[in-house]
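Below is one structure, written out as structure tokens; the observations come after it.
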Amino acid sequence: MAEQEDVIELAKRRGFFFGANGAYGGVAGFYTYGPNGAAVKDNLESAWRDRFTVRQGNMEIEAPTIMPEAVFEASGHLDGFDDMLVECPECGESHRADHLIEDNTGIEEAESLPIAEVKELIREHDLRCPTCDTPLADEPVEDFNLMFETSIGPGSGQPGYMRPETAQGIFVEFPRLKEYARNRLPFGVTQIGPAYRNEISPRKGIIRVREFTQAELETFIDPETDEPPLHEVEDVEVRLYSAEAQEADDGGITTTTVGEAVAEGVIASDWVAYYLGVAQEWYQRIGVDTDRFRFRQHLPGELAHYAADCWDAESEVGGDWIEITGFAYRSDYDLTKHADHSGESFTVFKQYDEPKTVERATVDPDMATLGPEFGGDAGAVAEALRTLAERDPDAFDADEVEVEVDGDSYTVDTDVANFSVETVTENGEHITPHVVEPSFGVDRIVYTVIEHAYRVDEVDGEERTYLALDPEMAATDAAVFPLVSNDDRLLDLADEVTADLRAAGLAVEYDDSGSIGRRYRRQDEVGTPFCVTVDRDGIEGDGPDTVTVRERDSARQVRVPVSAVADEIAALLDPETERAFDALAAAYDEIETDVETA
RNA sequence: GCGCCGUUGGUCCAGUGGUAGGACAUUGGCUUCCCAAGCCAAUAGCCCGGGUUCAAUUCCCGGACGGCGCACCA
């Protein structure tokens with residue numbers, strides 16, 4: 001089991017990631033990815049994009065990271081991300097002031113109260129520290145919002161916030177995005193980018209930070225008719241830690257298939273189940289250790305009020321389980337919120353299979369009459385007539401109808417209202433799509449992939465540390481070495497091979513410093529899957545020049561012609577071909593070495 | 001944000017009231033035909049601010065950063 005400290009030390013030393021701004025003492029919660037880490041993260045994002053955007057036929061967008069206040073009023077982040085904390089002067093414990101009030105006064109939703117009122121309530125009810133019973137009446141109530149606030153434009157400008165999740169950037173653009181999807185459900189929109197949370201206490205290296213990268217997919221569906229292609233993943237094995245198992249506290253993780261979990265009702269939403277299956281395969285592809293991975297269902301108390309079912313993908317790192325992805329069925333919550341706050345339409349027009357013929361009561365009030373009669377109230381009266389016609393068409397049977405506007409009663413001649421019942425053809429209706437959201441924490445996945453790849457073994461009796469990264473994730477595809485550095489023929493050919501491999505699009509490291517063993521270890525430690533070594537045996541025979549290709553984990557070597565080496569390595573790296581090193585060994589000559597790995 | 005502990009070359013550590021030493025790593029050279037070998041040389045450090053002192057990397061105070069516990073994690 002890898003010690004987290006060892007992984008973090010390696011990450012710092014070999015340029016995966018490290019605390020940012022070190023020259024100025026650093027700032028908690030901000031990390032810089034070094035050359036190797038940035039490459040791994042980039043590879044991970046590419047693999048994500050391949051699976052969740054391209055192969056799903058989804059659309060990727062890139063929205064701004066700063067958004068105006070109104071967006072977060074609508075999303076609920078302005079209130080929901082806002083904590084009021086009060087600290088006990090005696091024992092130093094911090095408590096949520098709103099929770100204290102709710103627990104002790106019967107007042108609900110204390111969260112939305114202004115600070116001054118909260119302070120007053122604490123005094124009034126003589127609320128005390130739940131830990132040590134010290135009165136809190138004179139203690140300051142601190143307002144803490146998890147969002148970074150900024151100001152847009154010169155002077156005081158208008159308030160803006162760094163987005164605390166990428167999702168809102170997709171939701172707010174829905175009215176336009178649905179056009180790009182040609183108004184047809186279901187469709188999915190993805191986004192990869194940074195999000196910001198001003199965490200009270202960032203911890204655990206890159207696991208909990210203030211600026212992080214999310215990869216999110218928002219799937220917009222018609223809840224009535226759209227079904228996921230569950231058959232694609234029904235046989236995928238998943239390890240589930242259900243709410244029931246958590247409450248029973250037996251630590252029981254059940255290994256089952258997606259299909260069974262749906263059939264047994266363990267996973268309530270087919271859509272969520274589908275993405276669990278897709279994600280499971282993707283996590284395996286990028287090298288997450290499936291024995292240190294599970295899907296954990298949210299407990300009833302954890303669920304957001306709009307979510308029917310929610311699961312987290314969790315990985316085990318440093319002995320703890322951390323959330324690396326959330327899968328949520330968000331219903332129409334987000335789009336409805338933005339529709340209400342913006343006044344824009346966040347619906348899709350859904351055509352019926354058959355047009356429906358319906359009778360509809362309408363009025364077309366004669367404003368030329370209503371205007372002079374009711375003055376400024378005329379518009380409201382007309383609106384009230386329209387509402388009445390929908391609700392109670394029979395009211396227009398009489399000669400006069402009566403409507404109420406703001407408590408005042410108005411009487412209108414039925415003739416003036418122009419009441420009629422029309423037969424209209426309805427071709428469909430406007431519906432607000434539901435949203436299914438898998439939301440990936442990229443940095444935590446990068447960390448998981450590195451820690452799960454961390455290995456210590458022995459080569460030739462010497463301890464070796466290496467990263468068994470999946471080739472698709474590794475920062476460098478291959479390294480090229482001349483076996484010894486005092487022979488120009490080897491140096492020249494190594495240069496040539498390096499150029500060939502780079503021309504084939506591979507990320508190649510060239511190294512001629514120190515002994516060959518040292519160079520192998522350098523590459524092992526950053527997870528380079530293959531090393532190509534140019535030696536004299538390869539250029540002194542009669543046949544074409546050859547080089548050796550060494551596999552990282554086993555240290556096995558195969559002699560391959562120079563002319564074929566770029567293609568062969570590209571094939572080894574391609575997740576599609578699944579060409580294994582064994583196949584390479586079978587096609588060429590494997591070299592007998594004395595090197596023992598253990 | 002609270003409490004405890006810590007912070008010395010790139011990394012990991014030792015040490016000191018008179019400005020520091022090792023190991024590994026890195027760079028250059030020699031050597032070397034396959035797994036951190038050897039030889040020579042080089043580069044490189046006391047977290048920041050204030051105080052005490054003739055003198056502070058060392059002692060004191062504050063801060064920043066890190067680890068652990070608590071709280072927080074919509």
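So that the names make sense, note that chain A is the first sequence line, chain B the second, and so on, each numbered from 1.
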Roughly how far, to the nearest 0.5 Å, is CD of Glu463(A) from OG1 of Thr465(A)? 5.5 Å

Taking only the C1' atom of each, what is the distance from rC13(B) to rU8(B) in whole angstrom? 9 Å

With a cut-off of less than 4.0 Å, is there a side-chain N or O of Asn486(A) near OP1 or OP2 of rC30(B)? no

Could you go over nucleotides 63-67 of chain B and give all protein N or O partners under 3.5 Å, atom names and distances?
unit_1, atom_1, unit_2, atom_2, d
rA64(B), O2', Gly25(A), O, 3.4
rC65(B), OP1, Ala28(A), N, 3.1
rC65(B), O4', Gly25(A), O, 3.3
rG67(B), OP1, Gly205(A), N, 3.4

d(CZ, Arg163(A); C1', rA74(B)) in whole Å: 18 Å

Calculate the interatomic distance between Asp512(A) atom CG and rG29(B) atom C1'; express it in whole Å. 13 Å

Salt bridge check: are Glu451(A) and Arg292(A) linked by an N-O gap of less than 4.0 Å? yes

For Arg197(A) and rA74(B), what is the distance between atoms CZ and C1' respectively, to the nearest whole Å? 8 Å

Are Arg294(A) and Trp321(A) in a cation-pi contact, defined as NZ or CZ under 6.0 Å from the six-membered ring centre and within 45° of the axis? yes

For Phe530(A), run the side-chain contact (heavy atoms from CB on, under 4.5 Å) check against Leu573(A), Val565(A), Asp477(A) and tell me which one passes. Leu573(A)

Provide the distance between the two P atoms, one in rC35(B) and one in rG22(B), to the nearest whole Å. 31 Å

Regarding Arg519(A) and Asp512(A), does a basic nitrogen lie under 4.0 Å from an acidic carboxylate oxygen? no

Using a 4.0 Å heavy-atom cut-off, does Glu9(A) contact any base of the nucleic acid, only the sugar-phosphate backbone, or nothing at all? sugar-phosphate

What do you reckon, is CD of Glu458(A) surrounded by more than 12 foreign heavy atoms closer than 6.0 Å? yes

Is it true that a side-chain atom of Gln191(A) and a backbone atom of Thr166(A) form a donor plus acceptor pair closer than 3.5 Å? yes

Distance between the P atoms of rC24(B) and rA20(B), in whole angstroms? 23 Å

Euclidean distance for C1', rC73(B) against rC4(B) (whole angstrom): 23 Å

Pairwise P distance for rC47(B) and rA56(B), with rounding to whole Å: 15 Å

Which part of the nucleic acid, if any, lies within contact of Glu5(A), taking any heavy atom under 4.0 Å across all strands shown: a base, the sugar-phosphate backbone alone, or nothing? nothing

Strand contacts (RNA chain B) in residues 549-566 of chain A, 4.0 angstrom heavy-atom criterion: Arg550(A), Ala555(A), Gln557(A)

If you write RNA chain B from 5' to 3' in dot-bracket form, with Watson-Crick or G-U pairs under 3.5 Å, [ ] for crossing pairs and | for pairs with another strand, what do you get? (((((((..((((....[..)))).(((((.......)))))....(((((..]....))))))))))))....

Below 30° counts as parallel, above 60° as perpendicular, anything between as tilted: where do the rings of Phe293(A) and Phe295(A) land? perpendicular

Could you give me the CA-CA distance, side-chain angles and deciding distance for Thr546(A) and Arg559(A), then say whether side chain to side chain donor-acceptor pair (under 3.5 Å) is met? CA-CA 6 Å; Thr546(A) 59; Arg559(A) 187 167 287 284; 2.9 Å; yes

Glu462(A) has an atom CD; how far is it from atom C1' of rG38(B), in whole Å? 14 Å

Taking for each residue the nucleotide of RNA chain B bearing the nearest heavy atom, is the 5' side occupied by Gly517(A) or by Arg13(A)? Arg13(A)

Mind checking Arg208(A) for me? I need base, sugar-phosphate or nothing, with any heavy atom below 4.0 Å counting as a touch. base

Could you give the distance separating rC46(B) and rA41(B) at their P atoms, to the nearest angstrom? 25 Å

Less than 4.0 angstrom between a side-chain N/O of Arg518(A) and OP1 or OP2 of rA37(B), yes or no? yes

Evaluate the criterion salt bridge (charged side-chain N to carboxylate O under 4.0 Å, His left out) for residue pair Glu525(A) and Arg552(A); output intermediate values, then yes/no. CA-CA 10 Å; Glu525(A) 202 173 41; Arg552(A) 177 194 59 210; over 6 Å; no

Have a look at Asp524(A) and say if it touches a base, only the backbone sugar-phosphate, or nothing, with a 4.0 Å heavy-atom cut-off. nothing

With Asp524(A), the salt bridge (charged side-chain N to carboxylate O under 4.0 Å, His left out) member among Arg455(A), Arg14(A), Arg518(A), Arg550(A): Arg550(A)

Ignoring backbone atoms, establish whether Ser515(A) has a side-chain N or O less than 4.0 Å from OP1 or OP2 of rA37(B). yes

Looking at every strand, decide which applies to Asp535(A) at a 4.0 Å heavy-atom threshold: base, sugar-phosphate, or nothing. base

Tell me the interatomic distance from Asp511(A), atom CG, to rU32(B), atom C1', rounded to whole angstroms. 15 Å

Expressed as a whole number of Å, how far does the C1' atom of rG18(B) sit from that of rC30(B)? 42 Å

Which whole-number value in Å describes the distance from Glu540(A) CD to rC34(B) C1'? 15 Å

Would Arg556(A) and Asp582(A) count as a salt bridge (charged side-chain N to carboxylate O under 4.0 Å, His left out) if you check the C-alpha gap in whole Å, the side-chain angles of each, and the deciding distance to 0.1 Å? CA-CA 10 Å; Arg556(A) 290 166 66 199; Asp582(A) 275 335; 2.8 Å; yes

Would you please confirm or rule out a distance under 4.0 Å between OP1 or OP2 of rU27(B) and any side-chain N or O of Ser513(A)? yes

Among the nucleotides rC34(B), rA36(B), rA74(B), which one has an atom lying closest to any side-chain atom of Leu483(A)? rC34(B)

Length of the CD-C1' vector between Gln214(A) and rC73(B), whole Å: 13 Å

Between Glu199(A) and Arg210(A), does any side-chain N to carboxylate O distance fall below 4.0 Å? no

Would you call Arg13(A)-Glu9(A) a salt bridge at under 4.0 Å N-O? yes

Suppose you measure atom C1' in rG17(B) against the same atom in rU52(B); what distance do you get, rounded to whole Å? 11 Å

Between CD1 of Ile200(A) and P of rC72(B) the distance, given in whole Å, is 9 Å

